[in-house]
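Encoded as structure tokens, the structure appears first; notes follow it.
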Protein chains: 2
Amino acid sequence: MGIVQRKEREKEEMRRLILDAALRLFREHGYDGVSIRNIAEAIEYSPGTIYLYYKDKSEIFFALQFEAAALKRDHLLPVANIENPWERLIEFGRRYIDFGMKHPDLYDLLFITRSPMEYIENQECWNLGLATHSFFVETVQACVDQRYFKSTDTDTIAYTLWCHAHGLVSLFIRERMRMYPEEKRQELAQKSFAMIVKMAESI
Amino acid sequence: MGIVQRKEREKEEMRRLILDAALRLFREHGYDGVSIRNIAEAIEYSPGTIYLYYKDKSEIFFALQFEAAALKRDHLLPVANIENPWERLIEFGRRYIDFGMKHPDLYDLLFITRSPMEYIENQECWNLGLATHSFFVETVQACVDQRYFKSTDTDTIAYTLWCHAHGLVSLFIRERMRMYPEEKRQELAQKSFAMIVKMAESI
DNA sequence: CAAATTTGATGAACACTGTTCATTAATTCC
DNA sequence: GGAATTAATGAACAGTGTTCATCAAATTTG
């Protein structure tokens, strides 16, 4: 009776096929620049078939968003092994920015795109992001506890650092740094990270 | 021979009519959520008429983006009267964030939305933004000249402050602060601004 | 003033979009 | 092998941006 297992596997493969094609196309042309017919054509199936695996276009987007959140968590996970909270915090920041730079499309999906996620909640994805955010705030809290900062306002410190990192990544990937030559942008980003770390030392 | 003037005026009125309707609709439903037919219906004209005044949908977007840039400049303009560069810088930051909070749709248009502006350049709008950005960097330079900072790396200082402000505004208006209760968000934003100012004092 | 010309607005048409669903083909079960 | 279930199809519907021949009104010309 391996049939039901095989069917399950085939269904999973098909969903994988759709997701991979969709991510590639979203990457290249953006959410609105890609049609269900485009995805169907890419995987050599008819448009209607897509709807046997995802109830609509936004559900494909949600699935990708969830994967992005998981990938981001995995990208940040190694940080948890760093004992010293101050070093952990710095490495968290470095890796957060690194993730955004390396996977602009995924970062976009998670923190910038408005597409569908406006009204419907992508609950499981949100929970994943929440966990990562909690870990971040806890790290800041540990720094506060060990007197790495003069201030004891954990939330504001965490939020301020997050603003900087998010601003840095999103200005970068949404092309709002065109006043600086290509090669200067990366350099500025690195120097700015170093600067915010220095600044953080004196909060 | 006032006919040509009247026609010119009528043409301008029609463009105004279209832009006002478009901005209202974009505000409510986003760029992609609004069709040319929606705009046409709102101003009680046929879809084809729109194309007599704007060559395509993206040109309407560009026109709005330009107006947003002008509005932002006007919002920041009073700052130029502040003699002391440090106070000028702080007030610039406050007003920048204030603009983003008060006009999320316009801020979005200028710094987040990707819609068309990807490949085609909105040159005049870009120039306006560039001028504002130059003014900002010059203010930082003035602070550097007068030894308000230990660091002399004007570009990195300016960029770091911009990252924070942009991150703050864009996290806010793209609803990525839902882990904090409604009333806490505004408070966090204010505290964070105060904190970055304090931090800046010790760069 | 009437005729000719220019202008402004129209809405049908084209190729596209997301989505649904009756029909068909393949597979599984008995 | 025949019945029942499942998977895939592609036509159809209502929407999209955009174009364009057509028509009516306004303007210019004779």
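Quick caveat: nothing in here was measured; it's all calculated off a predicted structure. Only heavy atoms go into these numbers, but all of them, side chains included; no hydrogens, no water, no symmetry mates.
When side chains are defined from C-beta on, His164(B) counts as touching Ser192(B), because their heavy atoms get closer than 4.5 Å. You'll find the side chain of Lys57(B) reaches within 4.5 Å of the side chain of Tyr31(B), heavy atoms only.
dA8(D) atom C1' lies 15 Å from atom CD of Glu44(A), rounded to whole Å. Here dA7(D) presents its P atom at 15 Å from CD1 of Ile43(A), a figure rounded to the nearest Å. The CD1 atom of Ile60(A) sits 9 Å away from the P atom of dG18(C) (whole-angstrom rounding). One interatomic measurement links the two molecules: CZ of Arg15(A) to C1' of dA8(D), which rounds to 17 Å at whole-angstrom precision. The distance between atom CD of Glu13(A) and atom C1' of dA7(D), rounded to the nearest whole Å, is 15 Å. Look at NZ on Lys57(A): it is 9 Å from P on dT17(C), rounded to the nearest Å. Rounding to whole angstrom units, OH of residue Tyr51(A) and P of dA11(D) are separated by 17 Å. Distance Ile50(B) CD1 to dC20(D) C1': 17 Å, rounded to the nearest Å.
Taking side-chain N and O atoms only, Asn38(A) has no distance below 4.0 Å to OP1 or OP2 of dG18(C). Distances shown here put a side-chain N or O of Arg6(B) below 4.0 Å from the OP1 or OP2 atom of dT27(D). Remark: Ser35(B) is in phosphate contact with dG17(D), judged by side-chain N or O atoms under 4.0 Å from OP1 or OP2. In terms of phosphate contacts, Ser46(A) brings no side-chain nitrogen or oxygen within less than 4.0 Å of OP1 or OP2 of dG10(D).
For Leu52(B), the listed nucleotide lying nearest its side chain is dG8(C); candidates were dT19(C), dG8(C), dT18(D). Among the nucleotides dT19(D), dT19(C), dA26(D), the one closest to any side-chain atom of Ile36(A) is dT19(C). With distances taken from any side-chain atom of Tyr45(A) to the nucleotides dT9(D), dA9(C), dT19(C), the minimum falls on dT9(D).
Note on Arg16(A) versus Asp20(A): salt bridge recorded, some NZ/NE/NH1/NH2 to OD/OE distance being below 4.0 Å.
Side chain to side chain, Asp56(A) and Ser58(A) meet the donor-acceptor criterion of an N or O pair below 3.5 Å. A side-chain donor from one of Tyr107(B) and Tyr96(B) sits under 3.5 Å from a side-chain acceptor of the other.
In terms of polar N and O atoms assigned as donor or acceptor, the side chain of Arg37(B) never comes within less than 3.5 Å of the base of dG15(D) in a complementary pairing.
Heavy atoms of Tyr53(B) sit under 4.0 angstrom from primed sugar atoms or phosphate atoms, though from no base atom.
A residue-by-residue look at Lys55(A) and Gly48(B) shows that Gly48(B) has its nearest nucleotide of DNA chain C further toward the 5' end.
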